[in-house]
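Comments concern the structure below.
We number each residue from 1, following the sequence as shown.
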Amino acid sequence: MLVVAALTWPGPRTVVDQLTGSTRTEEGRPGASAAGLAALEHALRIGESLGGKVVAVTIGSSSAEEMLREAVAAGAAGALRVDADLTDDEAAARALLAAVAEHHGTPDVVVFGDDSGDVPGFLAAITDAAQALGLLELTVEHGVLGGLRRLDKGRRERLAIPMPAVCSVEPVLRPRRAGLPAMLAARNTTIPVVRPVVPGWAVRAGTIRAYRPRARILPIPAADQARDRIVALTNAVAAGGSATVVTPPDAAAAADLLLDYLSRHGYLGDTT
(Lines give C-alpha, C1' and ligand atoms only; values in the text may rest on other atoms or scores of the structure.)
Protein backbone atom coordinates (compact mmCIF):
# COMPACT_ATOMS: atom_id res chain seq x y z
CA MET A 1 0.00 0.00 0.00
CA LEU A 2 1.51 3.29 -1.16
CA VAL A 3 -0.05 6.58 -0.09
CA VAL A 4 1.24 9.79 -1.69
CA ALA A 5 0.82 13.26 -0.21
CA ALA A 6 1.11 15.65 -3.15
CA LEU A 7 2.16 19.03 -1.77
CA THR A 8 1.96 22.26 -3.74
CA TRP A 9 5.03 24.48 -3.63
CA PRO A 10 4.01 28.11 -4.21
CA GLY A 11 7.31 29.12 -5.80
CA PRO A 12 8.23 32.71 -6.65
CA ARG A 13 5.57 35.33 -7.27
CA THR A 14 5.54 38.60 -9.17
CA VAL A 15 4.85 41.74 -7.13
CA VAL A 16 3.75 44.95 -8.86
CA ASP A 17 4.47 48.36 -7.31
CA GLN A 18 1.16 50.22 -7.37
CA LEU A 19 2.84 53.64 -7.62
CA THR A 20 5.56 53.11 -10.21
CA GLY A 21 4.24 50.04 -12.03
CA SER A 22 7.60 48.27 -11.66
CA THR A 23 7.70 44.55 -10.97
CA ARG A 24 9.94 42.34 -8.88
CA THR A 25 10.11 38.65 -8.09
CA GLU A 26 9.77 37.41 -4.53
CA GLU A 27 9.85 33.93 -3.07
CA GLY A 28 6.49 32.49 -2.12
CA ARG A 29 5.40 31.70 1.39
CA PRO A 30 7.69 29.21 3.18
CA GLY A 31 6.37 25.70 3.58
CA ALA A 32 3.23 24.01 2.36
CA SER A 33 -0.15 25.69 2.19
CA ALA A 34 -2.88 24.96 4.72
CA ALA A 35 -4.55 22.65 2.21
CA GLY A 36 -1.24 20.87 1.57
CA LEU A 37 -0.69 20.32 5.29
CA ALA A 38 -4.20 18.91 5.57
CA ALA A 39 -3.43 16.57 2.66
CA LEU A 40 -0.28 15.39 4.42
CA GLU A 41 -2.16 14.71 7.66
CA HIS A 42 -4.86 12.76 5.83
CA ALA A 43 -2.21 10.73 4.00
CA LEU A 44 -0.44 9.91 7.27
CA ARG A 45 -3.68 8.76 8.87
CA ILE A 46 -4.56 6.61 5.87
CA GLY A 47 -1.10 5.07 5.93
CA GLU A 48 -1.44 4.28 9.64
CA SER A 49 -4.90 2.73 9.18
CA LEU A 50 -3.98 0.59 6.18
CA GLY A 51 -0.40 -0.17 7.16
CA GLY A 52 0.93 1.56 4.10
CA LYS A 53 3.94 3.65 3.18
CA VAL A 54 3.49 7.42 2.97
CA VAL A 55 5.60 9.47 0.55
CA ALA A 56 5.51 13.26 0.23
CA VAL A 57 5.98 14.60 -3.31
CA THR A 58 6.12 18.07 -4.78
CA ILE A 59 7.01 19.77 -8.05
CA GLY A 60 9.37 22.66 -7.48
CA SER A 61 12.88 23.98 -7.12
CA SER A 62 15.42 23.17 -4.42
CA SER A 63 13.69 25.71 -2.17
CA ALA A 64 10.88 23.17 -1.73
CA GLU A 65 13.13 20.59 -0.08
CA GLU A 66 12.72 22.14 3.36
CA MET A 67 8.98 21.60 3.05
CA LEU A 68 9.58 17.94 2.19
CA ARG A 69 11.90 17.51 5.17
CA GLU A 70 9.13 18.84 7.40
CA ALA A 71 6.84 16.17 5.94
CA VAL A 72 9.44 13.50 6.74
CA ALA A 73 9.70 14.84 10.29
CA ALA A 74 5.92 14.62 10.63
CA GLY A 75 5.98 10.92 9.76
CA ALA A 76 6.33 10.42 6.01
CA ALA A 77 8.53 7.45 5.15
CA GLY A 78 10.08 9.24 2.20
CA ALA A 79 10.03 12.37 0.08
CA LEU A 80 10.54 13.14 -3.58
CA ARG A 81 11.03 16.38 -5.49
CA VAL A 82 10.25 16.72 -9.17
CA ASP A 83 12.53 19.35 -10.67
CA ALA A 84 10.44 20.83 -13.46
CA ASP A 85 8.86 24.14 -14.33
CA LEU A 86 5.53 22.89 -15.58
CA THR A 87 2.72 25.34 -16.20
CA ASP A 88 0.57 22.71 -17.92
CA ASP A 89 -1.49 20.70 -15.40
CA GLU A 90 -1.61 17.56 -17.52
CA ALA A 91 2.18 17.56 -17.97
CA ALA A 92 2.56 18.11 -14.22
CA ALA A 93 0.33 15.10 -13.48
CA ARG A 94 2.32 12.88 -15.85
CA ALA A 95 5.63 14.05 -14.37
CA LEU A 96 4.45 13.42 -10.82
CA LEU A 97 3.21 9.93 -11.68
CA ALA A 98 6.41 9.03 -13.52
CA ALA A 99 8.57 10.21 -10.61
CA VAL A 100 6.61 8.25 -8.00
CA ALA A 101 6.53 5.11 -10.16
CA GLU A 102 10.28 5.28 -10.74
CA HIS A 103 11.20 5.43 -7.04
CA HIS A 104 8.30 3.81 -5.18
CA GLY A 105 5.91 2.11 -7.57
CA THR A 106 2.28 2.75 -8.47
CA PRO A 107 0.39 4.70 -5.78
CA ASP A 108 -2.84 3.35 -4.30
CA VAL A 109 -4.03 6.67 -2.86
CA VAL A 110 -2.88 10.18 -3.80
CA VAL A 111 -4.03 13.06 -1.61
CA PHE A 112 -3.89 16.67 -2.82
CA GLY A 113 -4.88 19.94 -1.24
CA ASP A 114 -7.77 21.71 -2.90
CA ASP A 115 -5.35 24.37 -4.23
CA SER A 116 -3.76 21.97 -6.75
CA GLY A 117 -5.66 23.19 -9.80
CA ASP A 118 -6.57 20.55 -12.38
CA VAL A 119 -3.65 18.22 -11.60
CA PRO A 120 -5.79 15.75 -9.55
CA GLY A 121 -8.30 15.44 -12.38
CA PHE A 122 -5.63 14.75 -14.98
CA LEU A 123 -3.91 12.25 -12.68
CA ALA A 124 -7.16 10.37 -12.09
CA ALA A 125 -7.83 10.26 -15.83
CA ILE A 126 -4.32 9.03 -16.64
CA THR A 127 -4.37 6.26 -14.02
CA ASP A 128 -8.09 5.41 -14.41
CA ALA A 129 -8.49 5.93 -10.66
CA ALA A 130 -11.54 6.98 -8.66
CA GLN A 131 -11.63 10.70 -7.93
CA ALA A 132 -13.14 12.54 -4.96
CA LEU A 133 -12.78 16.31 -4.74
CA GLY A 134 -13.46 18.94 -2.08
CA LEU A 135 -13.40 16.54 0.86
CA LEU A 136 -13.84 17.72 4.43
CA GLU A 137 -12.90 14.31 5.84
CA LEU A 138 -10.98 11.33 4.52
CA THR A 139 -11.11 8.26 6.76
CA VAL A 140 -10.63 4.50 6.70
CA GLU A 141 -13.22 2.23 8.30
CA HIS A 142 -12.92 -1.56 8.11
CA GLY A 143 -10.38 -1.23 5.33
CA VAL A 144 -12.66 0.96 3.19
CA LEU A 145 -11.66 4.50 2.23
CA GLY A 146 -14.45 6.97 2.89
CA GLY A 147 -14.93 10.70 2.48
CA LEU A 148 -17.25 13.50 3.50
CA ARG A 149 -17.96 16.18 0.92
CA ARG A 150 -19.65 19.55 1.26
CA LEU A 151 -22.80 20.15 -0.78
CA ASP A 152 -24.98 23.19 -1.33
CA LYS A 153 -27.45 24.46 1.31
CA GLY A 154 -25.40 23.06 4.19
CA ARG A 155 -25.81 19.44 3.15
CA ARG A 156 -23.10 16.76 3.27
CA GLU A 157 -22.39 13.70 1.15
CA ARG A 158 -20.64 10.56 2.38
CA LEU A 159 -18.62 8.60 -0.14
CA ALA A 160 -17.16 5.10 -0.30
CA ILE A 161 -14.07 5.58 -2.45
CA PRO A 162 -12.61 2.56 -4.26
CA MET A 163 -8.85 2.30 -4.69
CA PRO A 164 -6.78 3.35 -6.50
CA ALA A 165 -8.04 6.81 -5.70
CA VAL A 166 -7.11 10.45 -6.20
CA CYS A 167 -8.52 12.77 -3.54
CA SER A 168 -8.30 16.45 -2.74
CA VAL A 169 -9.11 17.88 0.68
CA GLU A 170 -10.07 21.25 2.05
CA PRO A 171 -7.86 22.86 4.75
CA VAL A 172 -10.06 21.96 7.71
CA LEU A 173 -7.76 19.41 9.39
CA ARG A 174 -4.94 20.64 11.59
CA PRO A 175 -1.66 18.80 10.91
CA ARG A 176 0.29 17.05 13.62
CA ARG A 177 3.37 18.70 15.10
CA ALA A 178 6.65 16.89 14.64
CA GLY A 179 8.77 16.18 17.69
CA LEU A 180 12.21 17.72 18.15
CA PRO A 181 14.18 14.45 17.56
CA ALA A 182 12.30 13.86 14.31
CA MET A 183 12.88 17.44 13.17
CA LEU A 184 16.61 17.19 13.87
CA ALA A 185 16.86 13.84 12.08
CA ALA A 186 14.96 15.17 9.07
CA ARG A 187 17.42 18.04 8.63
CA ASN A 188 19.98 15.59 7.22
CA THR A 189 17.50 13.75 5.00
CA THR A 190 18.56 13.63 1.36
CA ILE A 191 15.64 14.42 -0.92
CA PRO A 192 15.74 12.43 -4.20
CA VAL A 193 15.29 14.65 -7.24
CA VAL A 194 13.68 13.56 -10.50
CA ARG A 195 14.05 15.58 -13.69
CA PRO A 196 11.40 14.22 -16.03
CA VAL A 197 11.56 14.62 -19.77
CA VAL A 198 8.26 16.21 -20.74
CA PRO A 199 7.62 16.15 -24.51
CA GLY A 200 6.76 19.48 -26.03
CA TRP A 201 3.75 20.26 -28.10
CA ALA A 202 4.01 19.34 -31.77
CA VAL A 203 2.56 22.46 -33.39
CA ARG A 204 2.48 22.82 -37.16
CA ALA A 205 1.67 26.22 -38.61
CA GLY A 206 -0.40 26.35 -41.77
CA THR A 207 -2.01 28.92 -44.00
CA ILE A 208 -4.20 31.41 -42.13
CA ARG A 209 -7.70 31.48 -43.55
CA ALA A 210 -11.18 32.43 -42.45
CA TYR A 211 -13.23 29.90 -40.55
CA ARG A 212 -15.54 27.91 -42.79
CA PRO A 213 -18.10 25.71 -41.04
CA ARG A 214 -18.90 22.27 -42.37
CA ALA A 215 -21.76 22.06 -44.81
CA ARG A 216 -24.99 20.66 -43.44
CA ILE A 217 -26.56 17.64 -45.10
CA LEU A 218 -30.14 18.50 -46.10
CA PRO A 219 -32.73 16.22 -47.71
CA ILE A 220 -33.32 16.80 -51.41
CA PRO A 221 -36.62 18.65 -51.91
CA ALA A 222 -39.18 16.92 -54.10
CA ALA A 223 -40.50 20.08 -55.80
CA ASP A 224 -40.25 20.38 -59.57
CA GLN A 225 -39.70 24.13 -59.80
CA ALA A 226 -36.40 25.74 -58.78
CA ARG A 227 -38.20 28.39 -56.73
CA ASP A 228 -40.14 25.75 -54.80
CA ARG A 229 -36.95 23.83 -54.06
CA ILE A 230 -35.26 27.00 -52.74
CA VAL A 231 -38.26 27.76 -50.51
CA ALA A 232 -38.18 24.21 -49.13
CA LEU A 233 -34.44 24.33 -48.43
CA THR A 234 -34.46 27.76 -46.78
CA ASN A 235 -37.79 27.32 -44.98
CA ALA A 236 -38.62 30.81 -46.16
CA VAL A 237 -42.34 30.21 -45.85
CA ALA A 238 -43.23 29.40 -42.26
CA ALA A 239 -46.05 27.07 -41.35
CA GLY A 240 -49.38 28.78 -41.99
CA GLY A 241 -47.76 31.61 -43.98
CA SER A 242 -47.66 32.34 -47.65
CA ALA A 243 -45.18 33.66 -50.17
CA THR A 244 -45.74 37.12 -51.63
CA VAL A 245 -44.21 38.58 -54.75
CA VAL A 246 -43.76 42.35 -54.51
CA THR A 247 -42.77 44.83 -57.23
CA PRO A 248 -41.78 48.06 -55.49
CA PRO A 249 -41.37 51.06 -57.78
CA ASP A 250 -37.97 52.07 -56.36
CA ALA A 251 -35.31 51.18 -53.78
CA ALA A 252 -36.86 53.30 -51.03
CA ALA A 253 -40.18 51.52 -51.35
CA ALA A 254 -38.39 48.14 -51.33
CA ALA A 255 -36.57 49.10 -48.13
CA ASP A 256 -39.87 50.14 -46.52
CA LEU A 257 -41.47 46.81 -47.43
CA LEU A 258 -38.50 44.89 -46.02
CA LEU A 259 -38.49 46.86 -42.75
CA ASP A 260 -42.24 46.40 -42.39
CA TYR A 261 -41.86 42.64 -42.90
CA LEU A 262 -39.06 42.36 -40.31
CA SER A 263 -41.04 44.44 -37.83
CA ARG A 264 -44.21 42.34 -38.24
CA HIS A 265 -42.25 39.17 -37.57
CA GLY A 266 -40.54 40.48 -34.45
CA TYR A 267 -37.01 41.00 -35.78
CA LEU A 268 -36.95 44.77 -35.27
CA GLY A 269 -39.45 45.27 -32.47
CA ASP A 270 -41.65 48.35 -32.41
CA THR A 271 -40.36 50.86 -34.98
CA THR A 272 -42.97 53.53 -34.29
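Within the 4.5 Å cutoff, side-chain heavy atoms of Val110 are placed close to those of Leu123. Here the side chains of Leu68 and Thr189 are not in contact, with every heavy-atom distance at 4.5 Å or above. The shortest side-chain heavy-atom distance between Ile126 and Leu97 falls under the 4.5 Å cut-off. The shortest distance between side-chain heavy atoms of Asp108 and Val3 does not fall below 4.5 Å. Between Thr106 and Pro164 there is no side-chain heavy-atom pair separated by less than 4.5 Å. Considering only heavy atoms from C-beta on, Leu173 stays 4.5 Å or farther from Val169 through its side chain. In this structure the side chain of Lys53 reaches within 4.5 angstrom of the side chain of His104, judged on heavy atoms. When side chains are defined from C-beta on, Leu40 counts as touching Leu7, because their heavy atoms get closer than 4.5 Å.
In plain terms, the two heavy atoms of Asp115 and Ala35 that are nearest each other are OD1-CB, 3.8 Å. Minimum heavy-atom separation, Ala92 to Val119: CB-CG2, 4.2 Å. Nearest approach of Ala38 to Glu170, heavy atoms of both residues: CB-O, 3.8 Å. Residue Ala79 comes nearest to Pro192 through the heavy atom pair O-CD, 3.1 Å, listed as atom of the first residue, atom of the second, then distance. Closest approach of Met67 and Thr8 over heavy atoms only: SD-O, 4.2 Å. Ser116 and Pro120 get closest at one heavy-atom pair: O-CD, 3.8 Å.
In this structure, Leu133 is not a member of the same hydrophobic cluster as Leu159, with clusters built from ILVMFWY side-chain heavy atoms closer than 4.5 Å. No path of Ile, Leu, Val, Met, Phe, Trp and Tyr side chains, each step under 4.5 Å between heavy atoms, connects Ile161 with Leu148, placing them in separate hydrophobic clusters. Residues Val4 and Val82 share a single hydrophobic cluster, defined by chaining ILVMFWY side chains whose heavy atoms lie under 4.5 Å apart. Taken together through direct or relayed side-chain contacts under 4.5 Å among Ile, Leu, Val, Met, Phe, Trp and Tyr, Val57 and Val166 form part of one hydrophobic cluster. Under the 4.5 Å side-chain heavy-atom criterion for grouping Ile, Leu, Val, Met, Phe, Trp and Tyr, Phe122 is not connected to Val111 through any hydrophobic cluster.
Judged by distance alone, the side chain of Thr58 and the main-chain N or O of Arg81 form no donor-acceptor pair under 3.5 Å. Without hydrogens or angle criteria, Asp118 side chain to Gly121 main chain gives no donor-acceptor distance under 3.5 Å. Side chain of Asp114 to main chain of Ser168: no donor-acceptor pair is present (N/O by atom type, distance under 3.5 Å, no hydrogens or angles). The backbone N or O of Asp152 sits less than 3.5 Å from a side-chain atom of Arg155, completing a donor-acceptor pair. For Ser263 (side chain) and Asp260 (main-chain N/O), no donor-acceptor pair under 3.5 Å exists by modelled atom type. Judged purely by atom type and a 3.5 angstrom limit, Ser49 uses its side chain to pair as donor or acceptor with the backbone of Arg45. Distance alone, capped at 3.5 Å, places no donor-acceptor pair between the Arg150 side chain and the Leu135 backbone. Asp83 places no side-chain N or O within donor-acceptor distance of the main-chain N or O of Val194, the cut-off being under 3.5 Å.
Taken from CZ in Arg149 to CG in Leu151, the straight-line distance is 7.0 Å, to the nearest 0.5 Å. The CG atom of Asp224 sits 7.5 Å away from atom CZ of Arg229, with the distance rounded to the nearest 0.5 Å. For the atom pair Asp89 CG and Leu96 CG, the distance stands at 11.5 Å (nearest 0.5 Å). For the atom pair CD1 of Ile46 and CE of Met163, the computed distance is 8.5 Å after rounding to the nearest 0.5 Å. To the nearest 0.5 angstrom, Leu138 atom CG is 5.0 Å from Leu145 atom CG.
Residue pairs meeting the salt bridge (Lys or Arg N to Asp or Glu O under 4.0 Å) criterion with at least one partner in residues 175-186, sequence neighbours excluded, are Glu41-Arg176, Glu48-Arg176. Sorted by first then second residue, the salt bridge (Lys or Arg N to Asp or Glu O under 4.0 Å) pairs that include residues 124-148, not counting sequence neighbours, number zero.
Atom CZ of Arg156 is surrounded by more than 12 heavy atoms from other residues, nucleotides or ligands within 6.0 Å.
Members clustered with Met183: none, using a 4.5 Å side-chain heavy-atom cutoff among hydrophobic residues. Membership of the apolar cluster around Val172 extends to Leu136, as traced through chained side-chain contacts below 4.5 Å between ILVMFWY residues.
For Glu66, the side chain to side chain contact (heavy atoms under 4.5 Å, CB included) partners two or more places apart in sequence, or in a different chain, are Arg69, Glu70. Not counting sequence neighbours, the partners of Leu180 by the side chain to side chain contact (heavy atoms under 4.5 Å, CB included) test are Leu184.
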